[in-house]
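Since the structure comes first, as structure tokens, the remarks are kept for the end.
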Amino acid sequence: MTNLFKGNVVPSGYLNVSGSSVSFNELAGVETSLPIPVTPFATYNVQPDGGTATRFRIREFMSDGTERGNSSYSDGAWTEYAYIPGAGVASVQIYYKNTSDTATGLIFKKAGVKTIDTNGNVNSLVVSNLVPVHASKLSIDADPSAERLMLIDRNTGELLQHRLLDTQFLTLTLPLKYSQEQSISCLVFDNELVYSGGIMDGVQCESADLAQ
């Protein structure tokens with residue numbers, strides 16, 4: 001697998017991460033990677049290259065142009081992590097080298113194993129030190145006569161899901177914000193119009209960690 005690490009930010013500096021807030025501060029003798037493109041829910045193996053590393057602070061750049069910090073790790077020596085980007089993550093920066101560390105770069109490769117799919121199924125993935133992937137989980141128990149499902153963000157009108165129902169029970173994974181507010185409208189339809197459609201409004205998802 002190709003190493004996706006392409007170098008460090010110049011001038012050098014470090015990431016300060018507090019919860020989902022993140023900032024970059026210039027400082028000589030430390031290293032933070034240039035943004036590394038990633039695919040949501042794929043698994044990446046990360047190792048320090050050329051020496052030791054005691055930092056693993058992540059800035060995630062989202063596909064909508066926003067950014068967030070990932071504060072899953074305490075500072076300390078590390079040799080390998082498995083990282084799984086959450087929904088909407090387009091690229092990441094990693095602050096990995098403190099002034100006392102000797103690493104010269106990172107080895108950042110897509111893992112040669114099955115990835116976690118959009119429904120949160122791990123597919124027999126066996127790795128340690130997984131970065132938590134926070135998301136929302138919605139469990140559906142549909143009417144047996146329902147043949148089609150639509151999920152809509154009731155605040156923006158965005159269509160989140162539109163799918164045929166080939167099973168009565170299913171679980172869907174959505175962005176984390178939908179576990180923090182009642183903002184989903186759930187609609188079901190009978191394609192033959194024998195039965196009227198139904199709606200459940202103000203649905204709130206469960207929070208979930210897809211890495212578990």
Side-chain angles (χ1 to χ4, degrees), residues 1-118 120-135 175-176 209-212:
M1 296 289 180
T2 303
N3 187 5
L4 301 176
F5 171 81
K6 299 300 181 185
N8 299 310
V9 172
V10 178
S12 64
Y14 66 94
L15 297 176
N16 185 32
V17 178
S18 177
S20 60
S21 299
V22 59
S23 61
F24 179 80
N25 304 277
E26 292 186 15
L27 181 67
V30 301
E31 298 293 358
T32 297
S33 71
L34 291 169
I36 302 170
V38 294
T39 301
F41 305 114
T43 304
Y44 296 88
N45 292 332
V46 191
Q47 298 173 299
D49 191 20
T52 61
T54 60
R55 299 292 185 270
F56 195 76
R57 301 181 191 173
I58 301 173
R59 172 156 59 180
E60 296 175 324
F61 296 95
M62 312 304 289
S63 56
D64 63 3
T66 60
E67 61 183 59
R68 68 187 182 193
N70 186 322
S71 57
S72 302
Y73 287 88
S74 301
D75 294 339
W78 62 281
T79 57
E80 183 174 8
Y81 284 121
Y83 169 67
I84 303 175
V89 179
S91 62
V92 297
Q93 274 185 303
I94 300 175
Y95 163 45
Y96 63 92
K97 180 184 183 296
N98 195 19
T99 53
S100 60
D101 297 328
T102 59
T104 57
L106 289 174
I107 299 172
F108 192 103
K109 296 183 177 182
K110 198 168 186 177
V113 296
K114 295 180 179 179
T115 61
I116 290 180
D117 65 21
T118 55
N121 299 316
V122 180
N123 294 333
S124 300
L125 179 67
V126 181
V127 292
S128 59
N129 296 327
L130 281 171
V131 177
V133 182
H134 300 294
L176 177 63
D209 179 1
L210 301 187
Q212 297 299 315

Regarding Asp49 and Tyr96, is there a side-chain donor-to-acceptor distance under 3.5 Å anywhere? no
Heavy-atom side-chain contact between Arg59 and Val17 under 4.5 Å: no
All side-chain hydrogen bond (donor to acceptor under 3.5 Å, both in side chains) counterparts of Gln47, not counting sequence neighbours: none
Residue set satisfying side chain to side chain contact (heavy atoms under 4.5 Å, CB included) with Pro37, at least two apart, ordered chain then number -> none
Quick one: side chain to side chain contact (heavy atoms under 4.5 Å, CB included) partners of Asn25, sequence neighbours excluded? Tyr14, Asn16, Ser23
Closest heavy-atom contact between Leu34 and Gln93? C-CG, 3.9 Å
Note: Ala28 and Ser12 closest approach over all heavy atoms is CA-OG, 3.6 Å
Of all residues at least two apart in sequence or in a different chain, which pass the side-chain hydrogen bond (donor to acceptor under 3.5 Å, both in side chains) check with Ser100? none
Distance-only, no hydrogens or angles: does the Glu67 side chain make a donor-acceptor pair with backbone N or O of Glu60 under 3.5 Å? no
Is there a side-chain contact between Phe108 and Val38 in this structure, where contact means two heavy atoms from C-beta onward sitting under 4.5 Å apart? yes
So, taking the atom named CD1 in Ile36 and the one named CD1 in Ile58, what distance separates them when rounded to the nearest 0.5 Å? 9.5 Å
Results of side-chain hydrogen bond (donor to acceptor under 3.5 Å, both in side chains) for Arg57 - residues two or more places apart only: Asp75
Can you name the side chain to side chain contact (heavy atoms under 4.5 Å, CB included) partners of Thr54, sequence neighbours left out? Ala77, Asn98, Asp101
Taking the side chain as everything from C-beta on, heavy atoms only, tell me whether Val89 gets closer than 4.5 Å to Tyr83. yes
In terms of relative ring orientation, are Trp78 and Phe56 parallel, tilted or perpendicular, with 30° and 60° separating the classes? perpendicular
Shortest non-hydrogen contact from Ala87 to Pro40? CA-CB, 4.2 Å
Quick one: CG on Leu4 to NZ on Lys109, what's the gap to the nearest 0.5 Å? 9.5 Å
For a quick test of reading the model, state the closest non-hydrogen atom pair linking Ser33 to Val92 and the distance between them. OG-O, 4.3 Å
Spacing of CG belonging to Leu15 relative to CZ belonging to Arg55, to within rounding of 0.5 Å: 11.5 Å
Sequence neighbours left out, what pairs pass ring pair (Phe, Tyr, Trp, His ring centres under 6.0 Å) with at least one residue falling in residues 18-37? none
Between CD on residue Glu31 and CD1 on residue Ile94, distance to nearest 0.5 Å: 13.5 Å
To the nearest 0.5 Å, atom CG of Asn3 lies from atom CG of Leu106 at 8.0 Å
Those residues that, when tested against Thr39, pass side chain to side chain contact (heavy atoms under 4.5 Å, CB included) (two or more places apart): Ala42, Tyr44, Lys110
Do any N or O atoms from the side chain of Asn8 and from the backbone of Val30 form a donor-acceptor pair under 3.5 angstrom? no
Got a donor-acceptor contact below 3.5 angstrom from the Ser20 side chain to the Arg68 backbone? no
Distance check, rounded to the nearest 0.5 Å: Tyr95 atom OH versus Leu27 atom CG? 7.0 Å
Would you check if the side chain of Ser63 reaches a backbone N or O of Ala90 as a donor-acceptor pair within less than 3.5 Å? no
Sequence neighbours excluded, the answer for side-chain hydrogen bond (donor to acceptor under 3.5 Å, both in side chains) partners of Thr102 is Thr52
